[in-house]
Protein chains: 2
Amino acid sequence: MTIERPPARRVPSAPADAPAGSGGVGAPAFSPLYQQIKALILQSLQAGEWRPGDLIPSEQELAARYKVSQGTVRKAIDELAADNLLVRRQGKGTFVATHAEQHVQYRFLRLHPDHGDRASEGPATRDILACRRVRASADVAAALQLRAGETVVQVTRVLGLGGVPTILEDLWLPGQAFRGLTMDTLTAYAGPMYALFESEFGVRMVRAEERLKAVAASPAAAARLAVPAGTPLLSVERLAYTYNGVPMELRRGLYRTDRHHYRNELS
Amino acid sequence: MTIERPPARRVPSAPADAPAGSGGVGAPAFSPLYQQIKALILQSLQAGEWRPGDLIPSEQELAARYKVSQGTVRKAIDELAADNLLVRRQGKGTFVATHAEQHVQYRFLRLHPDHGDRASEGPATRDILACRRVRASADVAAALQLRAGETVVQVTRVLGLGGVPTILEDLWLPGQAFRGLTMDTLTAYAGPMYALFESEFGVRMVRAEERLKAVAASPAAAARLAVPAGTPLLSVERLAYTYNGVPMELRRGLYRTDRHHYRNELS
DNA sequence: TAGTGGTCTAGACCACCGT
DNA sequence: CGGTGGTCTAGACCACTAG
């Protein structure tokens, strides 16, 4: 709301008055109109004006609202669609992307069976082992940009693929945003966890970074995954972000890779 | 060369004569003009009309050549730039992407030091252990789409990062395309291997797929990487493609991950 | 100053979707 | 059929680079 009128036009992204050599790299660098529109749309997404799954206004309407041409709105939406924040459907409109209703289940999971595809493997089984509210350790707090000792929700679970326990993982979530999350909520819910976060807590995960290592299974982990202790496992640490680069989840997983592999595309 | 005149306009991507129900999903599906332009530019790249590092004709010139508007050429180039096949530089022109001269060394290597960045680690050391012409085993032949028993070049090498042997890998390349590749060529060349492939063999790697697993170090591998046998290692199998999805390299690497991690971005 | 890519506009028409 | 996104055009102006 409070849409700027007249809308910003060709505004330098850095104040033009700064004398040369104010200490930074300081290229003047103009911010194109469509980037400003993109930012405005992002604000509406973040503010919840349009929620996951919703139809957003048509390009014409947005062009009228922001007082720019349809082409400029189009370019803004193009970039948001490229980032998987919006989904365009010809003839129908543009929708806010969601982890539910999305044909790609587990959009962030890169583990695939060595033979066949995920569908042929049948549905994954999920086994919640724990859901506790604890104080964040130093490294968890740092990753989630919290103060050490702040409350976080820690979830421990095992995922089974093709009838075999394959992934053992711990999740940490900011206690503030995930106030009502309990073991019951998790076990009752069918569908991707990120879809639950969207519908119940208004937190949409948009992007993530993963760090992979090969490690030896500890006795405890080995028991959970039904392998001998010392078995090589893929360690996957994931940090997931909402809009505007705010980290909202830390995940530490151990993947069995005897019948599965982590797939990645490079370009 | 033999540019279609008049240029194709709004051509159905599937022959229009096929009676309904020729066995496929069979949506008519039109192919936009800019896709056709994109394909023509791709042909020129593939044919070597413009080589890696070259400046290609300006948008205006291409628009004139193909008899379309500049905006249409622009959209074609946009997609090729998004695929990292072309690089735009404002005020200068559009260039063919290259693995050399590119500020990002090792564009396909996702291994990063746990602390600090790659630059602070100093240059990588490369140690070529072998370069032989051998007959392709069944799996290698299948991956490279060759007949079993056809000649391939097999390279074995160790990469050192920060003074520590960190990556042990085998490469297989089609013998046909890499006729003059020898141990001497490899040891003499400074810079990324893919840059050598470009300049000496005209093979430009454009895209790759990787499959990761956690494995235990064999005694032989352990010796090469200076770790105890049985140490968990990250197994990375890479299939790299040239233009048009032709596989041109199979790589099987073992990565130490005690001081490094494999980084991946999800979105 | 000339040439390049980058942005923005306005308008036309097409393909797809629901009614 | 009307509304949506998708394509294509033509022209104007801006920002960056180099001679």
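Only this structure's heavy atoms are used, side chains among them; waters, hydrogens and symmetry mates stay out.
- The separation between B:Asp78 atom CG and D:dG6 atom P is 15 Å, rounded to whole Å.
- Rounded to an integer number of Å, the gap from OH of A:Tyr34 to P of D:dC14 is 18 Å.
- Within the 4.5 Å cutoff, the side chain of B:Leu42 has heavy atoms near those of the B:Leu85 side chain.
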Between the protein and nucleotides 1-5 of chain C, list the N/O to N/O atom pairs that are separated by less than 3.5 angstrom.
{"unit_1": "C:dG3", "atom_1": "N2", "unit_2": "B:Gly91", "atom_2": "O", "d": "3.0"}
{"unit_1": "C:dT4", "atom_1": "O2", "unit_2": "B:Gly91", "atom_2": "N", "d": "3.4"}
{"unit_1": "C:dG5", "atom_1": "OP1", "unit_2": "B:Thr94", "atom_2": "OG1", "d": "3.4"}
{"unit_1": "C:dG5", "atom_1": "OP2", "unit_2": "B:Glu59", "atom_2": "N", "d": "3.0"}

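- The nearest whole Å value for the distance from the NZ atom in B:Lys75 to the C1' atom in D:dG6 is 7 Å.
- Under the salt bridge (Lys or Arg N to Asp or Glu O under 4.0 Å) criterion, B:Arg251 pairs with B:Glu169, B:Glu249, sequence neighbours left out.
- Within the 4.5 Å cutoff, the side chain of A:Phe197 has no heavy atoms near those of the A:Thr242 side chain.
- Within a 6.0 Å radius of CD in A:Gln176, other residues, nucleotides and ligands contribute 12 heavy atoms or fewer.
- Expressed to the nearest 0.5 Å, how far OG1 of A:Thr98 lies from CZ of A:Arg107 amounts to 9.5 Å.
- Remark: P of D:dT9 and CG of B:Leu62 are 14 Å apart, rounded to the nearest angstrom.
- In this structure, the side chain of A:Arg238 engages the main chain of A:Phe108 through a donor-acceptor pair within 3.5 Å.
- Considering only heavy atoms from C-beta on, B:His260 stays 4.5 Å or farther from B:Tyr255 through its side chain.
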Base-pair map of DNA chain D as dot-bracket, where | denotes pairing with a different strand and pairs are Watson-Crick or G-U under 3.5 Å: ||||||||||||||||||.

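- If you take CD1 of A:Ile37 and P of C:dT7, they are 14 Å apart, rounded to a whole angstrom.
- Between the OH atom of B:Tyr66 and the C1' atom of D:dC8 there is a distance of 18 Å, rounded to whole Å.
- B:Tyr34 and B:Asp78 share no donor-acceptor pair across their side chains, judged by distance under 3.5 Å alone.
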